[in-house]
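Everything on this sheet refers to the single structure shown next.
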Number of protein chains: 2
Amino acid sequence: MEDRAPVEPPHPAQDVTEHVGYRLKRSAAALRGAMDRELREHGLTVPQYACLELLDERPGLSNAELARAAFVTRQSMNVVLRGLQDAGLITRPTTSDHGRALPAHLTPEGRDRLDGARRAVYAVESRMIAAVPPERLAALLTDLDRMASALGG
Amino acid sequence: MEDRAPVEPPHPAQDVTEHVGYRLKRSAAALRGAMDRELREHGLTVPQYACLELLDERPGLSNAELARAAFVTRQSMNVVLRGLQDAGLITRPTTSDHGRALPAHLTPEGRDRLDGARRAVYAVESRMIAAVPPERLAALLTDLDRMASALGG
DNA sequence: TCCTCTATGTCAAAATCCTGACATGGAAGA
DNA sequence: TCTTCCATGTCAGGATTTTGACATAGAGGA
């Protein structure tokens, strides 16, 4: 359609909105907005949901590990964890047996809340996936991965 | 490589980090971080740079139009414009001749600053683009676009 | 053992961004 | 004409996130 890309362009592109970075930000912003709208009905923010999802997958993750996995700073993740802890969705020991890392775990309430939120988020992701030809999905995933790795992500 | 995707999975995926949304966020975060590092040397933030780039392409854009194009709220863009205005990189009339929209324009200083910053940002984008097979680049752009549109972006 | 290095958790301060709200200006329709 | 509706710019407040800094705990080497 709009791939009127000339061969060997002197510049990456003329129109800013045609840049990969712009498209990337647009897609990420759209996803973030859709997730925000859905998660609000479940009383969760996007970082909180991401945190619950990560802890469900890998129980015992520490604050710093969660921060790296969610692409935020330790300080930001700390307030997220505090909120989840106050809401009774996760537990964290006050002292650590090994090092300073405090392993976090989901509570049964946290697991329940995650179950509901996950359904809503998966519906959003399904809508997003449905927009790309199925035979290109795997390539899209690997390309996103390579781009992130190329920038030290 | 890692596309050990079974046919017709009951759930979109088991591992969170395999989800499209997670990859999208990872790539966007890596790009944002790399741009932040580069733009800091030019005394610009990412929203400020985006604003300059948009104004170079489409002079006379109003605050609200810039906000939509940069995926932020009008209020956020307003403070960005204020900063650029105080730095003497853009100009905005205090009164409007038609409606309430105040058209913004780059100053010569703004154009100069943009030139330097653009080189740094383009280098980052080139590194990112180099990571994906050239024959898949066009498809990647359209797929990102379709995903954003599917979510009302 | 002692020293250095790295990683973690945490605090304080600032910057950034968003939500809610309000007044103004133009457009569309009765 | 008048009225309703929408878009824009702006203000105030709060929420979120980041930057900078500090103390602590473990690993590795001299």
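Basis for what follows: all heavy atoms, side chains included, without hydrogens, waters or symmetry-related copies. A, B, ... follow the sequence lines: proteins, then strands. Residue 1 opens every chain.
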Does A:Ser76 have a side-chain nitrogen or oxygen under 4.0 Å from the phosphate oxygens OP1 or OP2 of D:dT16? no
Looking at C:dC17, I'd like to know if its phosphate oxygens (OP1 or OP2) sit under 4.0 Å from a side-chain N or O belonging to B:Thr73. no
Residues within residues 27-52 of chain A bordering DNA chain D, heavy-atom distance below 4.0 Å: A:Pro47
Surrounding CZ of A:Arg119 (heavy atoms of other residues, nucleotides or ligands, distance under 6.0 Å), is the total greater than 12? no
Checking A:Arg26 against B:Asp145 for the side-chain contact (heavy atoms from CB on, under 4.5 Å) test, could you report, in this order, the C-alpha distance in whole Å, the side-chain angles of both residues, the deciding distance, and whether it holds? CA-CA 8 Å; A:Arg26 182 165 116 93; B:Asp145 231 27; 3.4 Å; yes
With the side chain defined as heavy atoms from C-beta on, A:Gln75 is closest, among D:dT10, D:dT8, D:dT19, to D:dT19
Given atom CG of A:Leu66 and atom C1' of D:dT17, what is their separation to the nearest angstrom? 17 Å
Quickly work out the B:Met77 CE to C:dT16 C1' distance and round it to whole Å. 13 Å
Please list, by residue number, the residues of residues 78-86 of chain B whose heavy atoms come closer than 4.0 Å to an atom of DNA chain D; answer none if no residue qualifies. B:Asn78, B:Arg82
Heavy-atom closest contact (A:Thr142 atom, A:Ala139 atom, distance): OG1-O, 2.9 Å
Quick test of your reading of the model: are B:Glu65 and B:Arg58 salt-bridged, counting only N-O distances below 4.0 Å? no
Checking A:Glu53, A:Glu38, A:Glu57 against A:Arg118 for salt bridge (Lys or Arg N to Asp or Glu O under 4.0 Å), the one that qualifies is A:Glu53
Set of side-chain hydrogen bond (donor to acceptor under 3.5 Å, both in side chains) partners for B:Asp36, sequence neighbours left out: B:Arg32
Could you state the atom-to-atom distance from CG of B:Asn63 to C1' of D:dT10 in whole Å? 9 Å
Is the backbone of A:Val132 close enough, under 3.5 Å, to the side chain of B:Arg146 for a donor and an acceptor to pair up by distance? no
On DNA chain D, check which nucleotide each of B:Glu65 and A:Phe71 is closest to and give me the residue with the more 5' one. B:Glu65
Find the distance A:Leu102:CG to C:dT8:P and express it as a whole number of Å. 12 Å
For A:Leu102 and A:Asn63: C-alpha separation, side-chain torsions, deciding distance, then whether side-chain contact (heavy atoms from CB on, under 4.5 Å) applies. CA-CA 7 Å; A:Leu102 303 174; A:Asn63 177 28; over 6 Å; no
Answer yes or no: does atom CZ of A:Arg127 have more than 12 heavy-atom neighbours from other residues, nucleotides or ligands under 6.0 Å? yes
Below 4.0 angstrom from OP1 or OP2 of D:dG20, is there any side-chain N or O of A:Arg74? no
